[in-house]
Amino acid sequence: MIKANYKQRKIKMSYKDKVYIEDLAKYAGQEVELNGWVYTKRGKGKLQFVILRDGTGICQCVVFKANVSEEVFANTKSLTQESSIKVKGKVVANERAPGGFELDTSDLQIYQLSTDYPITPKEHGDDFLIRNRHLWLRSSRQHAIMRVRASVIKAVRDFFDNSGFKLQDSPMFTPNACEGTSTLFSTKYFDLGEAFLSQSGQLYAEATAMAMGRVYTFGPAFRAEKSKTRKHLTEFWMVEPEMAFFDLEDDMQLAEDLTVYIVQYVLENCRKELETLERDITKLEAIQGNFPRMSYTEAVGWMNANDIPLTKRVDGKDVEIRPFPWGEDFGTPQEEALMEQFSQPCFIYDYPTEIKAFYMKRNPDNPKVVKAMDMLGPEKAGELVGGSQREDNVELLEERIKAEDLDMTDFAWYVDLRKYGSVPHSGFGMGIERVIKWITGAKHIRETIPFPRMIHRIIP
RNA sequence: UCCUGAGUAGCUCAGUUGGUUAGAGCAUUUGACUGUUAAUCAAAGGGUCCGGGGUUCAAGUCCCUGCUCAGGAGCCA
């Protein structure tokens, strides 16, 4: 007979007793054991300073020759950048230590000695760093951005979970292009032919919203566009709420409330990280709500009042067209010019029907525009949110599907949503990396996701 | 896909009008040092000047071409 093994097991130390650097202040005066990696080491003869990194923070470990065995001191002198170690010692307050506390080391053991760590404490080029992304994540700046990323995502989930929304995941494999415009990644799907990686979970969210009332999907989106800019990724994360009985006004208000919540959450929970990133906090503190709103037509009027032309590329040459013609989409130069006057994000709504997707609701008062909105961020953050009220009229939707030359059989289920209890409904998509880029002040969107996927990069 | 720019030591860069054996800082190795903050000081090792072709007495440097990368346009979140 086998005795239940839980009775024999004596727990000496649980994982809950492990000490991490971010909690060091709680252990002042006590002996603790820390595990981590050597961030840098500075020697001064019989006195060695090991800067230890454990993922939660950094701590200076002081190793004085007279206080440790000869073997431990020799080991300490042999340490190289990013070697993994275990240290024991007393936590003492010291003004000269980064972080205010240091470890008066009594013992130090090496897990593994690292050799020739590529990322030295000096400047490096973009290409080199991104090739070493798996190691670059250990650097203080990248580490701080990733912690902000985790907080942004938590803020998003808390916001929706606490206001009556249900998380409903949309599929990644789809039979068609959701919006019919973007280039998609394709893959073979058994005997059913070609499948595509989803560029948006929206259409499915519309179905789940009709089941649950208010939903959000949160997952990766894939775009095979050959975009080569500092704000595009081929794989990025997007949160897409979808709400029954919401009109475009409600939609914009929700996007605004979500944005304010995220920024305030990061301000409350990531002070240290924003400091590491040298982010101007006052710019974030200004995000309080009451975002300016402007119709597309008003925005065109503003362009022309301020002599901002349409810039287009014709036969390999940049040409400027003025006045800005109604009906053309804004590009980066127009958006940045417009946003210079605002310190908060701004909504632009009621876009021309021709330049927007087939599922957007036509404005009954003016069929030349659809009830779509973009939320542009300040500080050249670009488009953070794009959304719309959805077309809820069966005939108009079918007309648009035909006009876009989309396969009606693929969209039959989508049309069904307008046959069985169609309701006014709205939703939007928020690009998580764009938001993180804005909040952290990162130079490039590739710094806002652990392993960015870009047109010329899939490793690491 | 188009436009613009870049490629020299492990990394970041300098290299004059084309001229003899291509340099610096950091990193690495060795030595000195009891309070360092990107420690300092001394010494050592480290090069397919992106590949190919051309001009020239002579090419890292000039020309052509290919490759790689970056930024921007378009597209978008």
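Proteins get letters first, then strands, A, B, ... in listed order; numbering begins at 1 in each. Both backbone and side-chain heavy atoms feed into the values below; hydrogens, waters and symmetry mates do not.
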Visitor: Extract from the structure each pairing of a protein N or O with an N or O of nucleotides 29-36 of chain B at less than 3.5 Å, listing the distance.
Guide:
residue : atom : partner  : partner atom : Å
B/C33   : N3   : A/Gly45  : N            : 3.2
B/U34   : OP2  : A/Lys46  : N            : 3.3
B/G35   : OP1  : A/Lys44  : NZ           : 2.7
B/G35   : O2'  : A/Arg96  : NH1          : 2.8
B/G35   : N1   : A/Asn94  : ND2          : 3.3
B/G35   : N1   : A/Glu102 : OE2          : 3.0
B/G35   : N2   : A/Gln60  : NE2          : 3.3
B/G35   : N2   : A/Glu102 : OE1          : 2.7
B/U36   : O2   : A/Arg42  : NE           : 2.8
B/U36   : N3   : A/Gln60  : OE1          : 2.8
B/U36   : N3   : A/Gln60  : NE2          : 3.4
B/U36   : O4   : A/Gln60  : OE1          : 3.4
B/U36   : O4   : A/Gln60  : NE2          : 2.6
B/U36   : O4   : A/Arg96  : O            : 3.2

Visitor: Do any side-chain atoms of residues 46-63 of chain A form donor-acceptor pairs under 3.5 angstrom with protein atoms, and if so which ones, sequence neighbours left out?
Guide:
residue : atom : partner  : partner atom : Å
A/Gln48 : NE2  : A/Gly45  : O            : 3.1
A/Arg53 : NE   : A/Glu82  : OE2          : 3.4
A/Arg53 : NH2  : A/Glu82  : OE1          : 2.8
A/Asp54 : OD1  : A/Thr56  : N            : 2.8
A/Asp54 : OD1  : A/Thr56  : OG1          : 2.7
A/Asp54 : OD1  : A/Gly57  : N            : 3.3
A/Asp54 : OD2  : A/Ile21  : N            : 2.9
A/Asp54 : OD2  : A/Thr56  : OG1          : 3.4
A/Thr56 : OG1  : A/Ile21  : N            : 3.2
A/Thr56 : OG1  : A/Glu22  : N            : 3.0
A/Gln60 : NE2  : A/Glu102 : OE1          : 3.1

Visitor: Taking a pair as Watson-Crick or G-U wobble with both distances under 3.5 Å, which nucleotide is matched to B/G5?
Guide: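 B/C69 - that is the nucleotide pairing with B/G5, both distances being under 3.5 Å.
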
Visitor: Can you measure from CG (A/Leu233) to CD1 (A/Ile455) and round to the nearest 0.5 angstrom?
Guide: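 Between atom CG of A/Leu233 and atom CD1 of A/Ile455 there are 12.5 Å.
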
Visitor: Can you tell me how far P in B/A59 sits from the matching atom in B/G19, rounded to whole Å?
Guide: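 Each nucleotide's P atom is 11 Å from the other's.
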
Visitor: Looking only at atom P, what distance separates B/G45 and B/A22, rounded to whole Å?
Guide: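 Those two atoms are separated by 15 Å.
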
Visitor: Charged N to carboxylate O below 4.0 Å: is that the case for A/Asp374 and A/Lys356?
Guide: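 So A/Asp374 pairs with A/Lys356 through a salt bridge.
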
Visitor: Which is more 5' along RNA chain B, the nucleotide nearest A/Asp116 or the one nearest A/Thr332? Just name the residue.
Guide: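 Closest to the 5' end, via its nearest nucleotide, is A/Asp116.
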
Visitor: Please report the distance separating the P of B/C50 from the corresponding atom of B/G10, rounded so that it comes out in whole Å.
Guide: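 Nearest-Å result for B/C50 against B/G10 at atom P: 13 Å.
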
Visitor: Ignoring hydrogens and angles, tell me if any N or O in the side chain of A/Thr80 forms a donor-acceptor pair with the backbone of A/Ser114 under 3.5 Å.
Guide: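 Looks like yes, one N/O pair under 3.5 Å.
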
Visitor: Within the pair A/Arg230 and B/C76, is there a side-chain N or O less than 4.0 Å away from OP1 or OP2?
Guide: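 The answer is no; no side-chain N or O of A/Arg230 sits under 4.0 Å from OP1 or OP2.
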
Visitor: At under 4.0 Å, does any side-chain N or O of A/His444 touch on OP1 or OP2 of B/A70?
Guide: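 Answer no for this pair, as no side-chain N or O of A/His444 is under 4.0 Å from OP1 or OP2.
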
Visitor: Could you give the distance separating B/A14 and B/C26 at their C1' atoms, to the nearest angstrom?
Guide: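 15 Å, rounded to whole Å.
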
Visitor: Record whether the side chain of A/Lys231 comes under 3.5 Å of the base of B/A77 through a donor-acceptor pair of N or O atoms.
Guide: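 For A/Lys231, whose side chain was compared with the base of B/A77, there is no donor-acceptor pair (under 3.5 Å).
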
Visitor: Who are the salt bridge (Lys or Arg N to Asp or Glu O under 4.0 Å) partners of A/Lys86, not counting sequence neighbours?
Guide: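 For A/Lys86, the residues satisfying salt bridge (Lys or Arg N to Asp or Glu O under 4.0 Å) (neighbours in sequence not counted) are A/Glu33.
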
Visitor: Classify the side chain of A/His456 and the base of B/C69 as holding, or not holding, a donor-acceptor pair under 3.5 Å.
Guide: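 Not at all, since no donor on one side and acceptor on the other fall under 3.5 Å apart.
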
Visitor: Strictly by Watson-Crick or wobble contacts shorter than 3.5 Å, is anything paired with B/C76, and which nucleotide is it?
Guide: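 Partner of B/C76: none found under 3.5 Å.
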
Visitor: Rounded to whole angstrom units, what separation is found between the CZ atom of A/Phe218 and the C1' atom of B/A77?
Guide: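 Nearest whole value for this atom pair: 12 Å.
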
Visitor: Considering residues at least two apart in sequence or located in another chain, which fulfil the salt bridge (Lys or Arg N to Asp or Glu O under 4.0 Å) criterion with A/Asp126?
Guide: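 Per chain and number, A/Asp126 pairs via salt bridge (Lys or Arg N to Asp or Glu O under 4.0 Å) with A/Arg446.
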
Visitor: Taking atom C1' in both B/A42 and B/C67, what distance in whole Å separates the two?
Guide: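 So the two C1' atoms sit 44 Å from each other.
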
Visitor: Given B/G74, B/A70, B/C76, which nucleotide is nearest the side-chain atoms of A/Lys226?
Guide: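 Among the listed nucleotides, the one closest to the side chain of A/Lys226 is B/G74.
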
Visitor: Applying salt bridge (Lys or Arg N to Asp or Glu O under 4.0 Å), name anything that partners A/Glu320, two or more places apart in sequence or on another chain.
Guide: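 If we apply the salt bridge (Lys or Arg N to Asp or Glu O under 4.0 Å) test to A/Glu320, skipping adjacent residues, the hits are A/Arg322.
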
Visitor: Provide the distance between the two C1' atoms, one in B/A39 and one in B/A32, to the nearest whole Å.
Guide: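 The answer is 14 Å between these two C1' atoms.
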
Visitor: Could you list, one pair per line, each protein nitrogen or oxygen that sits under 3.5 Å from a nitrogen or oxygen of nucleotides 9-13 of chain B, together with the distance?
Guide:
residue : atom : partner  : partner atom : Å
B/C11   : O2'  : A/Glu123 : O            : 3.2
B/C11   : O2'  : A/His124 : ND1          : 2.4
B/U12   : OP1  : A/Gly125 : N            : 3.0
B/U12   : O4'  : A/Glu123 : O            : 3.3
B/U12   : O2'  : A/Glu123 : OE1          : 3.3

Visitor: In the strands shown, is B/U20 matched to any nucleotide by a Watson-Crick or G-U wobble pair with both distances under 3.5 Å, and which?
Guide: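 By the stated definition (distances under 3.5 Å), nothing pairs with B/U20.
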
Visitor: Taking B/G18 as the reference, what is the distance to B/G54 when you measure between their C1' atoms (whole Å, please)?
Guide: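 Here B/G54 and B/G18 have their C1' atoms 15 Å from each other.
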
Visitor: From the list B/A77, B/A73, B/G72, which nucleotide is the closest neighbour of the side chain of A/Glu383?
Guide: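 Taking heavy atoms from C-beta onward, the closest nucleotide is B/A77.
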
Visitor: With P as the reference atom in both, quote the distance from B/U28 to B/A70 in angstrom, rounded to an integer.
Guide: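 Straight-line distance between the two P atoms is 28 Å.
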
